[in-house]
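Below is one structure; the comments refer to it alone.
As a basis for the values below, the full set of heavy atoms in this structure was taken, side chains included, without hydrogen atoms, waters or symmetry mates. Atoms within a ligand are numbered from 1 in the order they appear, just like the ligands themselves.
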Amino acid sequence: MTDTTADAKTENRTFEADVSRLLHLMVHSVYSDKDVFLRELISNAADACERLRYDAIANPALLGDDAKPRITIALDADKRELTIEDNGIGMNHDELVDALGTIARSGTKAFMERLEAAKASESATLIGQFGVGFYSAFMVADRVDVTSHRAGSAEAWQWSSDGKGTYTVAPVDAASAPARGTRVVLHLMEDAKSYTERYNIERIVHANSGHVPVPISIIEKPGAEPTELADGAALWTKSRSEIKPEEYTDFYRSVAGQFDEPALTVHFRAEGRHEFTTLAFVPSARPFNLFDPGRKSRMKLYVKRVFITGDAEILPHYLRFVRGIVDSADLPLSLSREMIQTSPILAAIKKSVTGRVLSDLEKLADSDAEAYGKIWDQFGPVLKEGIYEDHERRDTLLKLARFRSTAQASETRRSLKEYVEGLKTNQTAIYYIAGENQAQIEASPHLEGFRARGVEVLLLSDIVDNLWVTYNPSFDGKPFRSVTQGAADLAAIPLLDNTTETKPEANEAVTDFIAFVKLTLGDAVSDVRVSDRLTDSAVCLVAPEGGPDRSLEKLLAGSGRAVPAAKPVLEINAKHELVTSLAALDGDNAFKEDAAHLLYDEARVLDGDRPADAKAFSVRLARLISRGVQSAKG
Ligand code: ADP
Ligand code: MG
């Protein structure tokens with residue numbers, strides 16, 4: 001929106017509605033940490049320098065005789081002003097309006113929803129993650145003037161706003177603008193005047209921006225000489241022994257836009273066929289966009305310390321939580337989009353970095369199971385995607401995988417190596433039960449026969465579990481088998497209580513009863529048979545051999561994908577008192593038919609489903625209860 005004012009050249013514009021809302025949130029929320037605004041402005045200044053460096057590869061004239069990137073912070077306590085200036089790419093008129101008047105990002109809506117819901121302590125993290133950084137200036141300033149001179153352009157422009165819904169854009173004299181780049185002047189609020197104190201700025205820069213790849217200097221007061229606060233040397237070029245843990249943490253925070261501690265740091269230099277350096281981190285907290293549909297790796301690609309792109313997808317989808325950089329010495333600086341996709345050098349780098357991250361995770365798992373367990377808790381569901389997506393590394397990923405199981409208190413996790421070490425006599429498979437609800441699968445009747453034999457069953461309750469198990473993985477030559485599918489084949493494995501009889505035998509009456517149930521249920525089930533997986537419960541449902549497991553079927557149905565539902569098998573516990581007494585009952589087929597349907601419904605309910613036909617179910621149940629009441633009266 002534009003209207004004409006007294007000064008014909010000044011445009012008055014209104015912020016896009018989203019920006020206004022965001023600004024309102026910025027100004028009116030109580031942040032625990034307003035310092036983040038400086039990190040955001042420095043990061044923008046550094047981005048601008050890096051973009052210039054990149055554009056200058058194709059067009060060296062853009063640099064002129066001022067090739068060295070720099071960021072200068074100037075303080076003026078008397079005027080209560082803080083200025084952040086860079087000699088980066090700069091913005092022209094349209095770029096100013098676009099970048100500082102709108103929010104182009106689709107993630108912003110989500111951001112604002114989260115910001116409104118977030119605790120104050122999380123807000124700062126959210127600001128960084130969602131890239132709405134510039135507007136954070138209005139947390140400390142009641143007016144912000146941005147003067148910018150686009151590299152290669154003859155004009156300079158000034159953007160100005162009090163953050164209350166409107167802003168102005170006007171041309172300015174080139175002499176009062178930076179020769180190239182952007183100057184952001186914050187007119188600080190009364191309670192933000194400490195941001196004109198040198199030690200304060202120094203502290204924030206060291207804590208948050210010490211590792212931006214552009215040198216930062218400070219001018220303490222008007223007329224003073226600039227002094228250097230940070231040298232802009234890329235941390236990753238130093239050797240590991242020279243770097244302090246807190247330097248790694250700072251760097252991690254600035255590259256990841258997260259405020260947690262890295263849970264694992266992977267720093268190495270590859271020499272030989274391809275020369276490159278990687279500095280990558282596994283966060284300790286989940287990044288907010290971990291489950292974005294794109295599932296893209298956010299590792300940044302540098303070539304000879306020049307930032308090239310954050311879109312090179314250096315790591316596979318299942319390592320998308322890893323944050324950091326790769327700096328190649330061999331790739332050309334002018335790396336086109338197409339080359340990023342096809343470059344054999346980049347392919348080799350990706351392979352090597354992926355392998356290194358996985359092997360460092362493996363090492364951590366061996367040396368510090370507890371620390372590794374925390375990583376797995378956060379990122380296990382993501383890593384498990386690799387079991388079906390990365391055939392080549394399936395074994396490595398299965399080795400890294402940790403599972404809850406019936407052999408452990410639900411807090412601790414088991415590795416497959418531990419599982420295989422605990423195999424019982426005659427046990428040939430790795431058993432699992434999959435479902436969405438941990439408590440429900442743990443209480444599932446299907447586990448009874450396994451518990452009675454001390455056979456460990458993995459409890460899989462991540463959505464992704466339903467997927468990878470269908471890819472027929474095996475570990476150490478042992479296939480994975482669902483305890484809710486097919487015959488359990490448990491008879492060969494001895495019971496824990498040493499009773500010799502492990503094969504459930506049905507007497508003649510029970511065999512007849514089973515045939516009766518099958519006839520009664522007709523099409524509802526594909527079979528009714530004696531179970532060897534039940535000890536306490538009377539019945540359970542299992543999926544027939546070959547088809548999808550029942551939990552996968554439900555998952556697919558829930559996600560709207562039609563699957564031809566495989567009719568389940570009803571398994572009956574031939575030793576259960578309910579079954580034997582029903583079987584012993586002569587005649588009264590009407591009653592036995594009710595019982596057959598109710599047993600089937602019971603099995604469905606145990607699986608977390610509803611009775612097959614709610615109306616018929618309630619009629620049968622009512623009949624049964626009144627019969628019980630009759631016989632109780634004698
Ligand atoms: P982000 O940095 O995540 O893109 P910001 O809100 O921090 O989001 O900045 C918005 C946009 O404003 C940037 O993408 C950039 O185009 C522009 N911008 C901000 N500061 C500068 C600057 N110092 N030099 C050039 N462009 C800038
Ligand atoms: Mg920014």
Side-chain angles (χ1 to χ4, degrees), residues 15-16 18-23 25-26 35-56 62 66 69-74 82-108 110-112 115 124-141 144-153 155-161 163 167 169 177-186 208-209 212-214 216 253-258 287-289 298 300 307 309-311:
F15 284 118
E16 198 186 57
D18 271 353
V19 179
S20 289
R21 205 169 143 226
L22 179 63
L23 281 167
L25 282 167
M26 289 279 176
D35 294 355
V36 298
F37 84 89
L38 188 58
R39 172 187 55 120
E40 292 301 325
L41 297 181
I42 289 175
S43 128
N44 286 348
D47 287 351
C49 291
E50 297 207 326
R51 275 184 53 209
L52 175 68
R53 202 151 40 152
Y54 180 71
D55 284 4
L62 289 178
D66 182 19
R70 82 181 159 265
I71 297 170
T72 310
I73 301 173
L82 172 63
T83 302
I84 294 103
E85 182 167 331
D86 63 72
N87 63 347
I89 188 86
M91 286 174 276
N92 60 28
H93 171 274
D94 292 355
E95 286 165 334
L96 269 174
V97 169
D98 216 44
L100 307 185
T102 65
I103 302 178
R105 267 156 245 281
S106 59
T108 305
F111 163 76
M112 288 192 285
L115 188 64
T125 319
L126 287 175
I127 291 170
Q129 285 182 337
F130 282 83
V132 284
F134 171 79
Y135 301 109
S136 63
F138 289 99
M139 299 194 309
V140 296
V144 177
D145 299 325
V146 179
T147 312
S148 199
H149 193 161
R150 180 73 157 87
S153 158
E155 297 168 357
W157 292 88
Q158 188 174 67
W159 177 103
S160 184
S161 177
Y167 61 95
V169 185
R180 180 190 68 224
T182 302
R183 176 186 302 145
V184 180
V185 180
L186 308 188
N208 297 315
S209 309
V212 301
V214 177
I216 303 173
R253 290 177 175 176
S254 67
V255 76
Q258 299 226 132
F288 78 96
N289 46 16
R298 283 157 205 272
K300 294 185 171 161
F307 173 68
T309 175
D311 287 332

- Message: Nearest 0.5 Å, please: how far is CD in Glu50 from NZ in Lys300?
- Response: 8.0 Å
- Query: Got a second to check how far Asp86's CG is from Ile216's CD1, nearest 0.5 Å?
  - Reply: 11.0 Å
- Answer yes or no as to whether an N/O/S atom of Ser43 is found below 2.8 Å from the Mg ion (ligand 2). no
- Note on the structure: In ligand 1, the atoms that come under 4.0 Å of a heavy atom of Ala48 are 24 (N), 25 (C)
- Kindly confirm or rule out an N or O of Gly90 lying under 3.5 angstrom from an N or O of ligand 1. no
- Task: Would you indicate whether the side-chain heavy atoms of Val146 and Arg183 approach each other to under 4.5 Å?
- Result: no
- Compare Gly181, Ala99, Ala137 and give the one whose heavy atom is closest to atom 17 (C) of ligand 1. Ala99
- Message: My understanding is that we take every heavy atom of each candidate and find the minimum distance to atom 9 (O) of ligand 1. Doing that for Asn44, Asp86, Asp47, which one comes out nearest?
- Response: Asn44
- Quick note on ligand 1: atoms under 4.0 Å from a heavy atom of Leu100 include exactly 12 (O)
- Check the angle between the aromatic planes of Phe15 and Tyr135 and answer parallel, tilted or perpendicular using the 30° and 60° thresholds. perpendicular
- Please round to the nearest 0.5 Å and tell me the distance separating atom CG of Leu82 and atom CG of Leu41. 8.0 Å
- When rounded to the nearest 0.5 angstrom, what is the spacing between CG in Leu62 and OG in Ser153? 11.0 Å
- Just heavy atoms, cut-off under 4.0 Å: does Val146 contact ligand 1 by side chain, backbone, both, or neither? neither
- Give the atoms of ligand 1, by number and element, whose distance to some non-hydrogen atom of Met91 is under 4.0 Å. 17 (C), 18 (N), 21 (C), 25 (C), 26 (N), 27 (C)
